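The structure appears right after this line, and notes come after that.
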Number of protein chains: 2
Amino acid sequence: MVYAANVSERRRQPPELAISTVIFALRGDGEESRPTLWMPLVRRTRQPYQDLWALPGGPLSAAESLQDAAARNLQETTGLQPDYLEQLYAFGGLDRSPAQRVVSIVYWALVKPDEAALARETDNVRWFRADGVGQLAFDHNQIVDYALWRLRNKVAYSSIAYAFLGEKFTLAQVREVYEAVLGKTLDPANFRRQLRAAPDIQATDEYLQGGRHRPPRLFRYTGSAGPKNGPLA
Amino acid sequence: MVYAANVSERRRQPPELAISTVIFALRGDGEESRPTLWMPLVRRTRQPYQDLWALPGGPLSAAESLQDAAARNLQETTGLQPDYLEQLYAFGGLDRSPAQRVVSIVYWALVKPDEAALARETDNVRWFRADGVGQLAFDHNQIVDYALWRLRNKVAYSSIAYAFLGEKFTLAQVREVYEAVLGKTLDPANFRRQLRAAPDIQATDEYLQGGRHRPPRLFRYTGSAGPKNGPLA
DNA sequence: ACAAAAGTGTTCAGTGTACACCCATGC
DNA sequence: GCATGGGTGTACACTGAACACTTTTGT
């Protein structure tokens, strides 16, 4: 039995290769409050770490690329199709798993609100606020921290914020994304000017109706969605 | 025999896990010219890609972390001990290797000039200019391109430049590092001011003698050397 | 009319860049 | 003395932050 393997036995086996994904979505938690970052986790149904929450993941199938494996696994466990998917890091510490050694190649994903609304929530799949996940299985707390760090960094210098939004959005909604991710408020006037200066934000001639005040104009993002990692795809 | 395996056979085997490293050092190539980026490569002595140059690498031993594996492999193949070592990316495309599927976790390293001078150059280990490596084995050209991209990015916003330099250095030497990596000249006056404003650059009371002109002051870097990736070690 | 968000204008401090200039050394 | 790189001073354009102000809607 693998789980009972002693150390010398374990040293002889090749490390197992697994794929996991940290998934982020923005959700308005209350009625009147600002949206915040959420992520889906799956409950462990086996040892080790049985009944603790963990990142969705699984083994790498032989006939699919790493990214495809992440997307498929994500789809199978949570029903989600990400709008942004990028490799985060390969975790390969010796004692990540108590039995067989596991090397995990971790991806991180962003999903749009309509997609996140479709996500099925079962007894073994539940959404958590990103800043309140509690104790997770394996080294997954460390992985979530790193993913959050990367998200906060990347939102500041790239255009991933739009992966959190639908096709059309108000500039205030974009600002809410930044405020939720960065955890601080931003000056609406200056933020607006910055976005207007960006070439890949196009104004539509539509306005968001139904609000309590002056209807804001809707905009569209015309840049590409996927990650741009220099010479990589 | 692994290399003769057909596709359906190959699909059944678990992917192999390997570690490779892209190593950068700065070398003055001529007498009077500016230093440029170089990297050591190893010659393939077996199929596939026999006789082509490739990144140093090898399989992951069961009892060492990913980073330790990279450092050890690097030491064994090139004799180098890096001053900076950081994970680059996990490459896992289906057709990276013609026979068994291989997932490579790639690191990148920077070595100081005294260390690079010690490096043994044999018939199967040779140094190349980073911008003229020719055709490499596997997808290693793509990997080198990505490592170069990361290096150029990171040099602009972090302090890795000092991993290319010895304990004491002139500000002009630091500038030469930036110019070699970024591939453009920088204003000496403004560059100097920027560095003087950095808190972890300390002036010594020594001067570099033997130059053709006014002897420049030597400085010391007091910051830490390793990669700082947010919540990761 | 009033409140509140949408949207515009203006000021100000900090920063990067260009470049003129002085300093110290070898030849 | 002269050439050259070391090192300092300074002006200017650009940018981000602060904030006053106008516009447009719902109530």
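Quantities reported herein were computed from a predicted structural model and do not represent experimental measurements. Labels below follow one simple rule: chain letters A, B, ... track the order of the sequence lines, proteins then strands, and each chain is numbered from 1. Below, each value reflects all heavy atoms present in this structure, side chains not excepted, and no hydrogens, waters or symmetry copies.
Atom pair A:R212:CZ and D:dT27:P shows a separation of 9 Å (rounding to whole Å applied). For the pair A:Q194 CD and D:dA17 C1', the interatomic distance rounds to 10 Å; values are reported in whole Å. Rounded to whole angstrom, the span from the CZ atom of A:F191 across to the P atom of D:dA17 amounts to 12 Å. At whole-Å resolution of the value, NE2 in B:H213 and P in D:dG5 are 5 Å apart. One interatomic measurement links the two molecules: CZ of B:F169 to P of D:dG6, which rounds to 15 Å at whole-angstrom precision. Atom CG in B:D187 sits roughly 18 Å away from atom P in C:dT15 (whole-Å rounding). The distance from atom CG of B:L208 to atom C1' of C:dG26 is 14 Å, rounded to the nearest whole Å.
The pair B:R217-B:E206 fails the salt-bridge criterion, with no side-chain N (NZ, NE, NH1 or NH2) lying under 4.0 Å from an Asp/Glu carboxylate O. Salt bridge present: A:K154 and A:E86 bring a charged side-chain N and a carboxylate O closer than 4.0 Å.
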Q.
Counting primed atoms plus P, OP1 and OP2 as sugar-phosphate and everything else as base, spell out the protein contacts along nucleotides 6-14 of chain C at 4.0 Å heavy-atom distance: B, S or - for each nucleotide, 5' to 3'.
A. BSBBB----
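Looking at residues two or more places apart in sequence or on another chain, you find no side-chain hydrogen bond (donor to acceptor under 3.5 Å, both in side chains) involving A:R44.
When A:D83, A:T77, A:T78 are each tested for a side-chain contact (heavy atoms from CB on, under 4.5 Å) with A:L80, only one passes: A:T78.
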Quiz: residues 177-184 of chain B side-chain donor-acceptor pairs under 3.5 angstrom, not counting sequence neighbours:
from	atom 1	to	atom 2	distance (Å)
B:E179	OE2	B:R175	NH1	3.4
B:E179	OE2	B:L186	N	2.9

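A donor-acceptor pair under 3.5 Å links the side-chain atoms of B:H140 to the main chain of B:L55, judged by distance alone.
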